[in-house]
There are 2 protein chains.
Amino acid sequence: MVIVPEGKEPEVSPEAKEGASPGGVRPEPGTARPGGRTARVRAAVLRATGDALVEHGFDRLDLGEVARRAEVGRTTVYRRWGTPSGLVTDLLAEMAESSLPRSDTGSLENDLRANAQLVRSTLNDPRQGPLFRAVIAAAACDPRAASALRRFYRARIAEWAPCVVAAAERGEVPADTDPEEVVRAVSAPLYYRLLASGDPLDEAAAERAAKAALAAARAGAYRRPADR
Amino acid sequence: MVIVPEGKEPEVSPEAKEGASPGGVRPEPGTARPGGRTARVRAAVLRATGDALVEHGFDRLDLGEVARRAEVGRTTVYRRWGTPSGLVTDLLAEMAESSLPRSDTGSLENDLRANAQLVRSTLNDPRQGPLFRAVIAAAACDPRAASALRRFYRARIAEWAPCVVAAAERGEVPADTDPEEVVRAVSAPLYYRLLASGDPLDEAAAERAAKAALAAARAGAYRRPADR
DNA sequence: ACGCAAAGGGAACTGGAGTACCGTTATGGT
DNA sequence: ACCATAACGGTACTCCAGTTCCCTTTGCGT
């Protein structure tokens, strides 16, 4: 994952933690002055969060340790992020910014294979693998993290969907194929292995995932419903 | 999930938390006298664990609360299970016992559709859905929970694999098709929706999953490699 | 039945997670 | 350049999760 060093990305979640404080809609800290120090603190904290997630996993994520690693006041971390889920949610918002460029080989089969191998090598990466596991664990616990994760994958999928659109134009798959569904179909079995079955994520598994998605797409399994 | 009321299933994990206690290999509590009270306590605690997971999710699982709900001493829960992950690991061991009967309609398409609908309705169930999310979160955090989850899915998949074997014998799919891979292919996109994409798990999604797995299987995407 | 030891449970203790308070720094608008 | 205040950060406090200690209950072998 690419850490954006500065940048003024939108802050964590628009809706604050609901407070019955009358009339006062306390704006999330970090929104009014997102520049300079605030941005530096955020970058350091998110980097430390990633490191801690990789080392201990989501359930052992300790805000105090994050503060120490980020060389930032403990109070700051509690105030701005509050909980482990809060940290992960913000980390996911940042991760959604970075996007890996898709390949474009001119054949759907090769594009899907490239995508499958990219997912595979990401999940096998000694840093990214544990990080993704942790992030998914967080999303399975906290609804805010879940919607942040959803946004992240939406961006990733949208990046690759054009491959399928082009393939449909070339006639490789039915014209009314849902492009995003095809891309998701490539990832799904690999994530299933990572999280549920525990089978190894080898190259053969990736090839299989791509091949299966392609075959199903050709057979029309991902055609859009007749749209009422 | 069916709660087995008594029964002498093997206890949590064989290897204890490594202790440097010289010579003394402390056997896990609950192994020497698995009957009577011990079993009752376990049943009550696991039921309470499930309830708590459904209500708050894995990250808010509190051992003290579990003890209270199970009407069991707090000390007991800490001694026998120690951590949230420990509880979930044992819960998964119990869940692996219960198995839902597969259908057998005589056509692979209908069998896979039945399986997909079963998975869908399980994940949509107001109790099972949150429970599965929580259990997967735990498995993404703790290696012991992960291997317990793997065992759970291995049992589930093995239950349904015969459908594919029979279909191969009938010639519906290539003879060297890996039956378990086909069954996993049905589940994978549904779990992907639950955890990553967040798209609704409706009947159309289940039908699509079954249809895609069938098409890919027919096309030979799940054939076993030539076996060296 | 009997008794030993395994498992459970009550109560007191403690370290650290999370919070409150308030002084300090430095951002962003004028 | 100036300053109102957003955001940071140190310190002290609180409270409860997790542990320890020890007594009670009860499973299970004989």
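Letters A, B, ... are given to chains in the order of the sequence lines, protein chains preceding strands, and every chain is numbered from 1.
Contact check, B:T75 against C:dG9: no side-chain N or O comes under 4.0 Å of OP1 or OP2. At D:dG10, none of the side-chain N or O atoms of A:R79 fall inside 4.0 Å of OP1 or OP2 (strictly under the cut-off). Close to D:dC8, at under 4.0 Å from its OP1 or OP2, lies a side-chain N or O of A:R80.
For B:R37, the side-chain atoms get nearest to D:dG27 when compared with the rest of D:dG9, D:dG18, D:dG27. Residue B:Y78 places its side chain closer to D:dG18 than to any other of D:dG18, C:dG18, C:dT27.
Atom pair A:E71:CD and D:dG9:P shows a separation of 10 Å (rounding to whole Å applied). One interatomic measurement links the two molecules: CZ of B:R74 to C1' of C:dG8, which rounds to 14 Å at whole-angstrom precision. Protein atom CZ of B:R40 is 10 Å distant from nucleotide atom C1' of D:dG27, rounded to whole Å. Atom-to-atom, CZ of A:R42 to C1' of D:dA6 comes out at 17 Å; the value is rounded to the nearest Å. Taking atom CZ of A:R68 as the reference point, atom P of C:dG16 lies 10 Å away to the nearest angstrom. Atom CG of B:D62 and atom C1' of D:dC16 are 9 Å apart (whole Å). What separates CH2 of B:W81 from C1' of D:dG18 is a distance of 16 Å, to the nearest Å. Distance A:E65 CD to C:dG18 P: 13 Å, rounded to the nearest Å.
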As a quick check of understanding, evaluate ring pair (Phe, Tyr, Trp, His ring centres under 6.0 Å) for A:F58 and B:F58, giving each step before the final call. CA-CA 11 Å; A:F58 174 66; B:F58 174 66; 8.1 Å; no

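In the interface, the side chain of B:T38 is not paired with the base of C:dG8 through any donor and acceptor atom under 3.5 Å apart.
Other residues, nucleotides and ligands contribute more than 12 heavy atoms inside 6.0 Å of the CZ atom of B:R102.
Of the charged side-chain nitrogens involved, at least one lies within less than 4.0 Å of a carboxylate oxygen, so that B:D142 and B:R144 count as a salt-bridged pair. Between B:R208 and A:E181 there is a salt bridge, since at least one side-chain N of the basic residue sits less than 4.0 Å from a carboxylate O of the acidic one. A salt bridge does not link B:R120 with B:D202: every distance from a Lys NZ or Arg NE/NH1/NH2 to an Asp or Glu carboxylate oxygen is 4.0 Å or more.
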